[in-house]
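Presented below is the structure to which this report refers.
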Amino acid sequence: MTAGNDTQRSRKLIFGCGYLGLRVATAWVAAGAEVFAITRDAARACVLRAVDISPRVANLLDPTTLSGLPDVDTVLFAVGHDRTQGDAVRKICVDGLRHALASLRTCPRRLIYVSSTGVYGQRGGVWVDEQSPCEPTRDGGRACRDAELVLSEHPYGRQAVILRLAGLYGPGRIPRRAQLAAGLPIQTPADGYLNLIHVDDAARAVLAAEDRAAPPAVYCVSDGHPVPRGDYFRQLAALLGAPQPTFAPPVADSHAAQRARASKRVRNGRMLTELNVELRYPSYRAGLAAIVAAELDDELL
């Protein structure tokens, strides 16, 4: 394929070109693809245009803004829930997906939906994988599960790959970092497991799903090394040179409290074997160390 020949270039469309989607988009652009992205923020559109991504300012909750989208080979739906926008998570995940599917004029070769391991509500540190029952206990997990069902029941679902992502972290996104650095109590129990995936490895999983998955298919995207919350925060404190963490009960019925009630460990075997994803950061220790080291290098420049 010649990148300069538009008739042969692959075409991609991203709904949600944010923290994860932008990394996937830039990889596609580097490989010579023509990449389109939907954003509802005009300022964000300028950012995307500057890195050779073709933006379309539209709102997933307003189907009239989604008309005339280009025909593409691959669609990535990676829309995160921004609580500052005030839209209910179900509207974004379920109604937004319905509108996105209705806006596609032709069936893509591959449709990748970024879901969440929040679809599992298991407790007690039990191991879960793609075959485990989905019994979500939080609004976000319920919305993701309902969206998965919408996709599986749609005619385009035959071309779909669902990626259930563990907790996404990476540069600029380390949970509770500011509280820890300030020596403030972390409002979460020290016990219970965290399941994590570095954003760069999540992007690798998306790219592998496009090339290697046989849809319809579901994959858990995790580093496969669940960590007790207390161990995670103690390791992060050591890297930051911060005081050792202290913990306090989360506010009742808060997102933190709901998240703390679940405690499962997510297997990633299918992702590793079927998608052949090679993790750059196979544990939270490697990922956190790399982020903090890079920040220190930047401070010295």
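Source: prediction; values computed, not measured.
- Hydrophobic clustering, with ILVMFWY side chains joined whenever heavy atoms are under 4.5 angstrom apart, groups Leu101 together with Phe77.
- Counting heavy atoms from C-beta outward, Leu60 and Ile92 have side chains that stay 4.5 Å or more apart.
- The salt bridge (charged side-chain N to carboxylate O under 4.0 Å, His left out) pairs that include a residue from residues 92-108 are Asp71-Arg105, Asp95-Arg98, where partners are two or more places apart or lie in different chains.
- Ion pairing between a basic and an acidic side chain is recognised when a charged N comes within 4.0 Å of a carboxylate O; Glu34 and Arg11 show such pairing.
- Between the side chain of Asn195 and the backbone N or O of Pro226 there is no donor-acceptor pair closer than 3.5 Å.
- For Tyr219, there are no ring-ring contact (aromatic ring centres under 6.0 Å, His included) partners at least two apart in sequence or on another chain.
- Residues passing the side chain to side chain donor-acceptor pair (under 3.5 Å) test with Arg23 are Asp200, sequence neighbours excluded.
- The salt bridge (charged side-chain N to carboxylate O under 4.0 Å, His left out) test applied to Arg280 returns no partner, not counting sequence neighbours.
- Residues that satisfy the ring-ring contact (aromatic ring centres under 6.0 Å, His included) test with His99, not counting sequence neighbours, are absent from this structure.
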Would you mind writing out the side-chain donor-acceptor pairs for residues 211-218 within the sub-3.5 Å range, not counting sequence neighbours?
unit_1 : atom_1 : unit_2 : atom_2 : d
Arg212 : NH1    : Leu275 : O      : 2.6
Arg212 : NH1    : Asn276 : O      : 3.3

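- With sequence neighbours left out, the side chain to side chain donor-acceptor pair (under 3.5 Å) criterion links Glu135 to no other residue.
- Between Val24 and Leu207 there is a side-chain heavy-atom pair separated by less than 4.5 Å.
- Here the side chains of Tyr193 and Pro228 are in contact, with some heavy-atom distance below 4.5 Å.
- Take Phe36 and apply the ring-ring contact (aromatic ring centres under 6.0 Å, His included) test, not counting sequence neighbours, and it matches no residue.
- A search for salt bridge (charged side-chain N to carboxylate O under 4.0 Å, His left out) contacts involving Glu130 returns nothing, not counting sequence neighbours.
- Aromatic ring pairs are classed by plane angle as parallel below 30°, tilted from 30° to 60° and perpendicular above 60°; the pair His198 and Tyr169 is perpendicular.
- By the ring-ring contact (aromatic ring centres under 6.0 Å, His included) test, Tyr120 pairs with no residue at all, sequence neighbours left out.
- Within the 4.5 Å cutoff, no side-chain heavy atoms of Leu288 are placed close to those of Tyr281.
- Evaluation of the side chain to side chain donor-acceptor pair (under 3.5 Å) rule for Thr39 yields no partner, not counting sequence neighbours.
- The closest side-chain donor-acceptor pair between Gln122 and Trp127, if any, does not fall under 3.5 angstrom.
- Between the side chain of Arg204 and the backbone N or O of Glu278 there is at least one donor-acceptor pair closer than 3.5 Å.
- Looking only at atom types and distance, the side chain of Gln235 has a donor-acceptor partner in the side chain of Arg285 under 3.5 Å away.
- Contact check for Leu13 versus Leu76: no side-chain heavy atoms found under the 4.5 Å cut-off.
- Every residue two or more places apart in sequence or in another chain that forms a salt bridge (charged side-chain N to carboxylate O under 4.0 Å, His left out) with Asp231 is listed here: Arg234.
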